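Some notes on the structure that comes next.
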Amino acid sequence: MIRIHNSLTGQKQELQPVEPGHVRMYSCGVTVYDFFHVGNARMLVVFDMVSRYLRHRGLRVTYVRNITDVDDKIINRAREAGVDWREHARKFTAAMHEDLDALGCMRPEKEPKASEYIDAMLRMIGQLVDNGYAYQASNGDVMYDVRKFAAYGKLSGRKLDELRAGARVEVDEAKRDPLDFVLWKSAKPGEPAWPSPWGEGRPGWHIECSAMSTQELGPHFDIHGGGLDLKFPHHENEIAQTCGASAAKFAEIWMHNGFLNIDNEKMSKSLGNFFTTREVLAKIKHPEVLRFFLLSSHYRGPMNYSPDQLELAEAGLNRLYTALRDVPVDAGVPATASAATDAFHAAMDDDFNTPEAIAVLQGLARELNSARSAGDPGKSARLAAELRSLSGALGLLRMAPEDWFRAGARAGGLSDGDIEARVAARLAARQARNWAESDRIRQELADAGVILEDKPGGATTWRRA
RNA sequence: GGCUAGGUGGCAGAAUGGUUAUGCAGCGGCCUGCAAAGCCGUCUAUGCCGGUUCGAUUCCGACCCUAGCCUCCA
């Protein structure tokens, strides 16, 4: 039984797919106006983990993650760059895929682009107008009439009056209520526009997700995810739209991942504490370090980004890969389930407790190290297969250990060949019991960021720190 | 002002009404020419004040502190 915290009720509930055995999930992807930042990366990795784990548990998963490619920010950036907005969006969509591949995020079953779903949006806006939930304001925009939707505020746990009382929004004369939001913006010169029954224009942000999720998954599906900051107003508005258009149940479970903070503050451009995933990837040994870091605390809590944290993540991965090192991958050895597998599943079944699941992996690594030093190759191979299988459910330990240890040509810049030549020279010195020379070479390599490990029997392995 | 989440050992981070994860760092031992890695052992913790209880870090209440949302935002 898989239990998931539902933001709608504030409680954990059992996942019972609307279609038995088939989980259909949607998450709000990124707006492709720039490289996505590490906060986006957290959301993307979290929901990739969710979809991977559900598949690992034998469920069929249809995962839909949209791409917002019609948006003010894209239009503005494209204008600044002097390129067509479509070209700007295409460029950053390609970059997004590169970074996601690096992070080990699988491609969702569908990645709808807003610009290709205008018809679906217009259809939904039409339904909302017909059902009395929307109106065309004096400025030509089509607005959602929040007062007509009785359940407005349910997801964010607030009443319309409370929301309005704290509202810092400027009162827009065209709106019937300050919280009314735009479904269709009437065209402005130089902006992308499509024809509609309400005149030329383009969609509001919120309607994009409602239309795309309904089109791809229908109005009633299992999981809707996104960052905590989307809870209000974006997801509240999605509920108002989808339910207003078809009286649907919409998503059974709403999942929200916590923020990734920097120096315990939310990252933002005004504070200048803003990192793109690309910048971070360039600084670390391997993208898997970032993925491990992002999964090392529970998805719902806040987490703090810092270089120290990334070092801890790298150390954690080193330990796991070390356990796997020198254990031959034997295709004939099945991943036998042990108590560790049960513990792993128990942790993950309880609202995707990845930190506890990783602790189980660490325990497995310890067992594996013990089995290897006890000279039990059968047990080692069995445990290694189990460790790989469980890690795979989190999208971790996807590399061959040797590739992991050789990754990260950082300071020093010695090639593999350079290193191996020095290792050979040191071996000769060792055989001559010339410890001074041996230690000199080892220190020389250490200064270049390469750590040597002598194995019993005379072999020496190396790794980049 | 309203609403929400959280305050765990040197750091990160889980869990739990009593036996107190996991990783990093530290300390002792084994191993090693010496290391590294690994293994074994080990030291530090539950914001503050009340209450419920045989017993609370865990439940309840007050307080202090932090972050977030109420505006585009993963």
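Letters A, B, ... are given to chains in the order of the sequence lines, protein chains preceding strands, and every chain is numbered from 1. From a predicted model like this one, the values you see are computed outputs, not experimental measurements. Keep in mind that the numbers below use all heavy atoms, side chains included, and drop hydrogens, waters and symmetry copies.
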request  = In whole angstrom, give me the gap between the C1' atoms of B/C39 and B/C31.
outcome  = 9 Å

query = For every nucleotide of nucleotides 3-12 of chain B, 5' to 3': is a protein heavy atom under 4.0 Å from its base (B), only from its sugar-phosphate (S), or from neither (-)?
reply = ---------S

request  = Using a 4.0 Å heavy-atom cut-off across all strands, classify A/Leu260 as base, sugar-phosphate, or nothing.
outcome  = base

request  = Assess A/Arg65 against A/Phe47: is NZ or CZ under 6.0 Å from the centre of the six-membered ring, and within 45 degrees of the ring's axis?
outcome  = no

Aromatic ring of A/Phe259 stacked on base six-ring of B/G68, 5.5 Å, 30° = no

query = side-chain hydrogen bond (donor to acceptor under 3.5 Å, both in side chains) between A/Gln443 and A/Asp447: does it pass, once the steps are laid out?
reply = CA-CA 6 Å; A/Gln443 187 57 46; A/Asp447 293 343; 2.8 Å; yes

inquiry  = Looking at B/A74, I'd like to know if its phosphate oxygens (OP1 or OP2) sit under 4.0 Å from a side-chain N or O belonging to A/Asn257.
reply    = no

ask   = Which whole number of Å gives the distance between the C1' atom of B/U20 and that of B/U46?
value = 10 Å

query = Considering only the C1' atoms, how many Å lie between B/G47 and B/G6, rounded to the nearest integer?
reply = 12 Å

query = A/Ser370 side chain: which of B/C39, B/A67, B/A14 is closest?
reply = B/C39

request  = Taking atom C1' in both B/C65 and B/C48, compute the distance separating them and give it to the nearest angstrom.
outcome  = 10 Å

message = Mind checking if A/Ser438 touches a base, just sugar-phosphate, or nothing, with heavy atoms under 4.0 Å?
response = base

task = Answer with yes or no after comparing the ring centroid distance for A/Tyr26 and A/Tyr63 against a 6.0 Å cut-off, counting only values under it.
result = no

inquiry  = At 4.0 Å (heavy atoms only), tell me whether A/Gly39 reaches a base, stays on the sugar-phosphate, or touches nothing.
reply    = base

message = What's A/Gly29 touching, base or sugar-phosphate or nothing? Going by heavy atoms closer than 4.0 Å.
response = sugar-phosphate

inquiry  = Would you measure the distance from the P atom in B/U8 across to the matching atom in B/G13 and give it in whole Å?
reply    = 9 Å

message = Does A/His256 form a side-chain hydrogen bond (donor to acceptor under 3.5 Å, both in side chains) with A/His5? I'd like the steps, not just the answer.
response = CA-CA 9 Å; A/His256 292 101; A/His5 178 93; over 6 Å; no

task = Determine, step by step, whether A/Asn434 and A/Glu437 satisfy the side-chain hydrogen bond (donor to acceptor under 3.5 Å, both in side chains) criterion, reporting the C-alpha distance in whole Å, the side-chain angles of both residues, the deciding distance to 0.1 Å, and the verdict.
result = CA-CA 6 Å; A/Asn434 183 350; A/Glu437 174 65 2; 5.3 Å; no

query = Among side-chain atoms of A/Arg372 and A/Asn369, is any donor-acceptor pair under 3.5 angstrom?
reply = yes

request  = In whole angstrom, give me the gap between the P atoms of B/U44 and B/U22.
outcome  = 16 Å

Duplex segments of RNA chain B, taken as runs of at least three Watson-Crick or G-U pairs that stay under 3.5 Å = B:1-7 with B:64-70, B:10-12 with B:22-24, B:26-30 with B:38-42, B:49-51 with B:59-61

inquiry  = Taking only the P atom of each, what is the distance from B/U19 to B/C59 in whole angstrom?
reply    = 16 Å

request  = Among the candidates B/G68, B/G38, B/G33, find the nucleotide nearest to the side-chain atoms of A/Lys266.
outcome  = B/G68

task = Quote, to the nearest angstrom, the C1' distance that separates B/A25 from B/A67.
result = 27 Å

ask   = Relative to each other, are the rings of A/Tyr299 and A/Phe352 parallel, tilted or perpendicular (30° and 60° limits)?
value = perpendicular

query = Considering heavy-atom distances to RNA chain B, does A/Val30 or A/Arg319 have its closest nucleotide positioned more toward the 5' end?
reply = A/Arg319

inquiry  = Measuring from the side chain of A/Arg366 (C-beta onward, heavy atoms only), which nucleotide among B/G23, B/A37, B/A74 has the closest atom?
reply    = B/G23

message = Classify A/Leu230 by what it touches in the nucleic acid, base, sugar-phosphate, or nothing, heavy-atom distance under 4.0 Å.
response = sugar-phosphate

task = Scan A/Arg440 against the nucleic acid and name what it touches under 4.0 Å (heavy atoms): base, sugar-phosphate only, or nothing.
result = nothing

message = Regarding A/Asn353, tell me which of base, sugar-phosphate or nothing describes its non-hydrogen contacts under 4.0 Å with the strands shown.
response = sugar-phosphate

message = Heavy-atom nearest nucleotide on RNA chain B for A/Ala315 versus A/Phe232: which residue maps closer to 5'?
response = A/Ala315

ask   = Nearest of B/A14, B/U22, B/C72 to any side-chain atom of A/Ala359?
value = B/U22

message = Quick check for you: among B/A36, B/C34, B/G13, whose closest atom lies nearest to any side-chain atom of A/Arg430?
response = B/C34

